[in-house]
Enquirer: 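Take this structure, written in structure tokens, and hold onto it; I'll ask about it next.
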2 protein chains.
Amino acid sequence: MPQSRPRIIPEATVARLAVYLRVLAGLADGGRSHVSSGELASAAGVNPAGLRKDLSYLGPCGVRGVGYSVSGLRDRLTDALGGERSRPCVLIGIGRLGSALADYAGFASRGFEFVGLLDTDPATVGHRVGGLQVRPVQELEALVAETHATIGVITTPAEVAQSVCDRLVSVGVRSILNFAPVALTVPAGVDVRKVDLSVELQVLAFLDQQRDGTPPLLAPLRAAQGVAR
Amino acid sequence: MPQSRPRIIPEATVARLAVYLRVLAGLADGGRSHVSSGELASAAGVNPAGLRKDLSYLGPCGVRGVGYSVSGLRDRLTDALGGERSRPCVLIGIGRLGSALADYAGFASRGFEFVGLLDTDPATVGHRVGGLQVRPVQELEALVAETHATIGVITTPAEVAQSVCDRLVSVGVRSILNFAPVALTVPAGVDVRKVDLSVELQVLAFLDQQRDGTPPLLAPLRAAQGVAR
DNA sequence: GCGACTTTGTTCAGGCGTTCACAAGCGGTT
DNA sequence: AACCGCTTGTGAACGCCTGAACAAAGTCGC
Ligand SMILES: NC(=O)c1ccc[n+]([C@@H]2O[C@H](COP(=O)([O-])OP(=O)(O)OC[C@H]3O[C@@H](n4cnc5c(N)ncnc54)[C@H](O)[C@@H]3O)[C@@H](O)[C@H]2O)c1
Ligand SMILES: NC(=O)c1ccc[n+]([C@@H]2O[C@H](COP(=O)([O-])OP(=O)(O)OC[C@H]3O[C@@H](n4cnc5c(N)ncnc54)[C@H](O)[C@@H]3O)[C@@H](O)[C@H]2O)c1
């Protein structure tokens with residue numbers, strides 16, 4: 001009676017589970033059969049105790065005194081994060097960034113497959129990118145209905161991102177990854193994650209200034225471990 | 001005697017300040033002179049009270065009963081986040097993703113300027129991308145010394161990311177933005193921020209499954225406001 | 001078969017971040 | 001000049017997450 005699943009998993013933990021899963025995939029390729037929490041944590045760049053806490057949300061999945069079975073834990077994590085089934089995605093805005101994403105092989109290996117590339121630019125529509133032909137954005141609704149895409153990725157200019165988002169939501173897409181520098185408004189029940197590269201650079205600039213300007217009162221204290229977050 | 005700065009600013013707040021700054025830039029272009037915390041928060045996709053708390057780290061910068069001066073607040077934020085000075089950046093790995101970043105105009109407008117593009121591939125070296133010529137990666141050390149670059153952006157394959165990172169650190173770069181799916185190890189005093197797109201998709205997949213699988217016990221409760229994080 | 005060592009799983013405390021609610025302050029109006 | 005409404009700034013409570021210490025448990029060696 002494996003009835004220990006119903007525990008809720010914090011979103012921060014989910015993000016780390018995805019990292020562990022990738023590390024485990026690498027270890028499995030390398031032929032390793034077992035790992036300790038310490039080694040896995042080091043490879044993932046986190047605290048060993050935190051890693052064990054994260055894994056404990058899935059119930060016991062290691063063997064005391066030995067560690068974790070690489071393949072066993074990988075399968076468990078795969079399952080917890082949504083199974084192995086392929087997740088069809090649509091990508092809207094096939095410019096420089098969109099093309100890079102469409103071409104990227106690293107998504108397919110995790111089960112994320114682009115089933116539709118959409119753009120308005122007549123010069124772009126019709127081109128093949130990453131094995132797929134770019135289609136006019138007018139076909140968005142039909143394409144989502146046809147392919148049952150569940151994830152929408154927005155790489156259009158910021159001005160049109162909200163309207164694209166609205167169209168995605170209207171045809172049932174409830175998971176959206178947004179690269180445009182705007183805050184999207186969506187109804188409850190729809191999840192949006194935003195990737196904002198300018199903000200990342202700006203935070204680095206701030207930390208840089210803080211380091212040079214006020215060295216005595218650096219906020220907390222960085223772990224001497226030297227492992228980045 | 002504007003001596004109220006020494007307060008420390010949480011990193012989460014810094015990231016939001018960068019968002020506010022972008023919204024303010026847009027409002028200034030639109031000719032607005034004042035904004036209320038409510039309007040600004042709505043545009044940034046955050047809670048109004050939280051926004052005011054964020055701004056309070058900079059000391060009082062609004063007028064009660066009126067709101068915030070758009071240009072005044074923008075200047076204050078610009079200053080807090082590292083000033084207006086141009087921040088020279090080097091980009092290593094001019095593949096699909098690297099090219100997209102090098103070509104992007106949105107960074108320069110915030111003061112981030114790429115002063116060096118580096119790659120190993122002989123087929124890529126010499127090409128012009130975004131107004132800059134790609135240089136062989138052997139010149140990394142010389143280029144950083146010459147341009148005084150303070151930020152390094154890594155878009156190489158994961159296998160070589162750590163070695164590239166080490167070289168950047170060895171010549172004094174203390175701010176690194178990493179797109180490769182590995183946890184970089186750096187000495188104390190160096191800041192690394194990681195952008196992991198596979199993880200973002202994986203989190204969306206998890207939320208999707210959670211929604212369909214266990215609707216009754218959704219973790220906290222989503223804000224009815226419908227504003228995404 | 002037993003003991004000791006290794007590593008997990010969990011509990012506890014501390015810190016951070018977020019949210020709500022209210023008092024203080026300013027402008028406009030009478 | 002005083003009042004009223006609007007908006008900021010802040011204090012406090014709450015919840016989440018992180019980091020560390022401890023006990024349970026299984027394996028390996030003898
Ligand atoms: N390129 C980067 O490195 C980078 C970095 C940070 C943020 N971004 C953001 O990502 C987004 C895309 O950036 P980019 O550099 O690829 O820009 P881009 O101009 O190269 O590409 C945008 C694409 O969207 C298409 N498009 C425009 N309107 C559309 C619509 N209504 N429906 C469908 N497609 C439409 C355009 O035809 C174009 O192909 C922008 O919002 C940008 O701010 C990009
Ligand atoms: N393209 C995407 O959408 C995407 C998405 C998520 C993550 N990533 C990650 O970003 C990184 C780059 O992705 P990409 O799609 O641009 O790959 P890519 O293969 O197109 O580009 C990588 C570039 O790095 C260069 N390179 C290799 N070794 C180098 C070295 N030692 N020094 C300098 N340059 C070197 C290569 O010549 C190539 O030009 C990868 O780590 C990838 O996992 C990419």
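Only a predicted model underlies this, so the values are computations on that prediction, with no experimental measurement involved. Below, read A as the first sequence line, B as the second, and so on, with proteins coming before strands; counting in each chain starts at 1. Every heavy atom of this structure was used, including side-chain atoms; hydrogens, water molecules and symmetry mates were not.
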Enquirer: Taking OP1 and OP2 of C:dT6, is either one under 4.0 Å from a side-chain nitrogen or oxygen of A:Tyr68?
Expert: no
Enquirer: Starting from P on C:dC16, measure out to CD1 on B:Ile9 and report it in whole angstrom.
Expert: 15 Å
Enquirer: Under 4.0 Å from OP1 or OP2 of D:dT7: is there any side-chain N or O of B:Ser37 that close?
Expert: no
Enquirer: Tell me the interatomic distance from A:Glu39, atom CD, to C:dT8, atom P, rounded to whole angstroms.
Expert: 10 Å
Enquirer: Just the rounded figure in Å: distance from C1' of D:dT8 to CG of B:Leu73.
Expert: 12 Å
Enquirer: List the residues meeting ring pair (Phe, Tyr, Trp, His ring centres under 6.0 Å) with B:Phe107, not counting sequence neighbours, and say none if there are none.
Expert: B:Tyr104
Enquirer: Expressed in angstrom and rounded to an integer, what is the separation of A:His34 atom NE2 from D:dT27 atom C1'?
Expert: 11 Å
Enquirer: Indicate every side-chain donor-acceptor pair of residues 66-74 of chain A with a distance under 3.5 Å to a residue at least two apart or in another chain.
Expert:
unit_1  : atom_1 : unit_2  : atom_2 : d
A:Ser69 : OG     : A:Gly72 : N      : 3.0

Enquirer: Could you name each residue pair satisfying salt bridge (charged side-chain N to carboxylate O under 4.0 Å, His left out) that touches residues 154-183 of chain B, not counting sequence neighbours?
Expert: A:Asp212-B:Arg174, B:Glu141-B:Arg167
Enquirer: For A:Leu55 and D:dC17, give me the distance from atom CG to atom C1', rounded to whole Å.
Expert: 16 Å
Enquirer: Report yes or no: does B:Arg96 contribute a side-chain atom to a donor-acceptor pair with the main-chain N or O of A:Asp103 at less than 3.5 Å?
Expert: yes
Enquirer: Classify every nucleotide of nucleotides 18-26 of chain C by which part a protein heavy atom approaches to under 4.0 Å, writing B for the base, S for the sugar-phosphate alone and - for neither, in 5'-to-3' order.
Expert: BBBB--BBB
Enquirer: Just jot down the salt bridge (charged side-chain N to carboxylate O under 4.0 Å, His left out) partners of A:Arg32, sequence neighbours excluded, or say none.
Expert: A:Glu39
Enquirer: Residues in salt bridge (charged side-chain N to carboxylate O under 4.0 Å, His left out) with B:Arg110, at least two apart?
Expert: none
